Visitor: 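First the structure, then my questions, so here it is.
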Amino acid sequence: MTESGAQVAARRRAGPWWWERPRSAVLDVTLGVLSAAECMVEGVWFADEAGIPVLLGVLLGFVAGGSLVLRRRFPVAVVLVAIAVLPAQLGFILATVGLYTLAATDVPRRIIALLAGLQILGGFVVMYVRFQPGGVEDIGGPPWFPLLVAALLATMTVLPPVLLGLYVGARRRLVDALRERADGLERELALLAERAEERAEWARGEERTRIAREMHDVVAHRVSLMVVHAAALQAVALKDPAKASKNAALVGDMGRQALAELRTMLGVLRAHEEGGAEAVRERPLERVAVSAAAAAAAVATGREVSPPVDPMDRDGPRLGELEQLLGQSRAAGMAVELSVEGDVRAYAAVVERTAFRVVQEALTNVHKHAAGADTRVRLAHRGAEVAVLVENAAPAAGVGDAGLPSGGNGLVGMRERVTALGGGFVSGPTAAGGFRVSAVIPDRP
């Protein structure tokens, strides 16, 4: 697990005072001690040459060299101290480490260039005076030779630490930028994972709702017809054994059909639980990913790619089975009239299944609340849509509710099915005392 920005900052501030880490404090104190020791020794030589008390030269070296401890907090001040003690020829460690630290910090480049230039100029002047004929160290040679040696020494003692510091500072800033970017990506990934979990939960809810609608349609319609046939069977069992046998056969057929449709839906649920390549294609989120990949491939190659087919759509009922559905209601004693308008043609599986379920649920409601009422089913094939209309007349006098349980979800489920495909749904009582259900479903949802 990677550290967050706050954790890194807290870890960096674990050292005393202005140091980020204890080892940084130990390093700076060690460098300060070494620099102070060097400057104190060189202070003795400077006091002997300048004719000042040795104690004053040692104290000057101690203060100047010890200032290196402050290099992280005040890098500019440390370099200025190194420039100030150049005439006394003190502080090689102080100048080298100070320039490196200054170049590695976020100090503006113009300040770094200015102080490095002053260091080179000061070193050049001190060395040139020292190398002059009659100076402390007469190196001889032509007049230009001391000038060249002084310039080279002054430059070579300043440029390496400055260039190294610039490199280390740039690398440190790059690492910090990469760390911040990694932290940002980690936060984005966490947010994406959270959103993916929310979408997965939403997809699971949608899948549960869809399966619940399918099971409601299957169970409500088949069981309603079975109850109607069972009531007729009970009424004619003694009077007309042949009709009773026919009704019993119808009840058995409807039970088997209901079991077959339920088995199909439970098979889909088992596929979701068992996994595997085929099950992955059937899951809601993966279906979206497959569709997106197929769409991208279609755009890239200029060809059309059909979306993945849901197993419930593939194995579900179609409009071609509508006559069979109406025949079951007729066998239960309902007078059902079917009218078809327009040229009969095939639609997308989900469109046909939705239209079929609307008719099925509407007939189920007629069986429940207006048993025996004349019913008219109209199917209209239009240019870009299919329309269904189920309208029943007022129930006959003396015929009331069939007493079948109702959860009140039938109309809600029909509306959800149709609107999910971009269609329109209307339902309500008619002026003649009956009930009307109407749905218009686009050909390409």
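Remember, it's a predicted structure, so these values are computed and weren't measured experimentally.
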Visitor: Is the shortest side-chain N to carboxylate O distance from Arg345 to Asp443 below 4.0 Å?
Guide: yes
Visitor: Any chance the rings of His369 and Phe435 have centres within less than 6.0 Å?
Guide: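 Aromatic pair excluded; centres sit 6.0 Å or further apart.
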Visitor: Are Glu385 and Arg382 close enough for a salt bridge, meaning some N to O gap below 4.0 Å?
Guide: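 Yes.
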Visitor: Measure from the side-chain N and O atoms of Thr157 to the backbone N and O of Ala154, and report whether any donor-acceptor pair falls under 3.5 Å.
Guide: yes
Visitor: Is a side-chain donor or acceptor of Ser67 paired with a backbone partner of Ala64 at a separation under 3.5 angstrom?
Guide: yes
Visitor: Any idea which heavy atoms bring Ala47 and Pro53 closest together, and the distance?
Guide: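 Taking every non-hydrogen atom into account, CB-O, 3.6 Å.
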Visitor: Quick one, Glu201 with Arg204, criterion salt bridge (Lys or Arg N to Asp or Glu O under 4.0 Å). Give me CA distance, side-chain angles, the key distance, then yes/no.
Guide: CA-CA 5 Å; Glu201 184 62 31; Arg204 286 191 291 268; 2.7 Å; yes
Visitor: If you compare all heavy atoms of Met414 against all heavy atoms of Val358, which two are closest, and at what distance to 0.1 Å?
Guide: SD-O, 3.5 Å
Visitor: Could you walk me through whether Cys39 and Val85 satisfy the side-chain contact (heavy atoms from CB on, under 4.5 Å) test, starting with their C-alpha distance in whole Å, then the side-chain angles of each, then the deciding distance to 0.1 Å, before giving a yes or no?
Guide: CA-CA 10 Å; Cys39 291; Val85 297; over 6 Å; no
Visitor: Would you mind reporting whether Glu323 and Leu338 have side-chain heavy atoms less than 4.5 Å apart?
Guide: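 They are in contact (side-chain heavy atoms under 4.5 Å apart), so the answer is yes.
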Visitor: Let me confirm one number: the CZ-OG1 distance from Arg72 to Thr101, rounded to the nearest 0.5 Å.
Guide: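 Answer for the CZ-OG1 pair, Arg72 versus Thr101, is 7.0 Å.
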Visitor: Given side-chain contact (heavy atoms from CB on, under 4.5 Å), test His381 with Glu341 step by step and report yes or no.
Guide: CA-CA 6 Å; His381 299 277; Glu341 301 175 5; over 6 Å; no
Visitor: For Val26, run the side-chain contact (heavy atoms from CB on, under 4.5 Å) check against Asp28, Val29, Thr30 and tell me which one passes.
Guide: Thr30
Visitor: Could you tell me whether the side chain of Ser427 and the main chain of Val437 form a donor-acceptor pair under 3.5 Å?
Guide: no
Visitor: Taking Gln119 for its side chain and Val158 for its backbone only, find out whether a donor-acceptor pair lies under 3.5 Å.
Guide: no
Visitor: Using only atom types and a distance under 3.5 Å, with no angle test, would you say the side chain of Thr155 pairs donor to acceptor with the backbone of Leu152?
Guide: no
Visitor: What residues form a salt bridge (charged side-chain N to carboxylate O under 4.0 Å, His left out) with Glu194, not counting sequence neighbours?
Guide: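 Glu194 satisfies salt bridge (charged side-chain N to carboxylate O under 4.0 Å, His left out) with no residue once adjacent residues are dropped.
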Visitor: Roughly how far, to the nearest 0.5 Å, is the CD atom of Glu42 from the CD atom of Glu49?
Guide: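 Those atoms lie 11.0 Å apart.
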Visitor: What pairs with Arg172 under salt bridge (charged side-chain N to carboxylate O under 4.0 Å, His left out), at least two apart in sequence or on another chain?
Guide: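 If we apply the salt bridge (charged side-chain N to carboxylate O under 4.0 Å, His left out) test to Arg172, skipping adjacent residues, there are no hits.
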Visitor: How would you list, by chain and number, every residue that makes a salt bridge (charged side-chain N to carboxylate O under 4.0 Å, His left out) with Asp106, sequence neighbours excluded?
Guide: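 Residues passing salt bridge (charged side-chain N to carboxylate O under 4.0 Å, His left out) with Asp106: Arg173.
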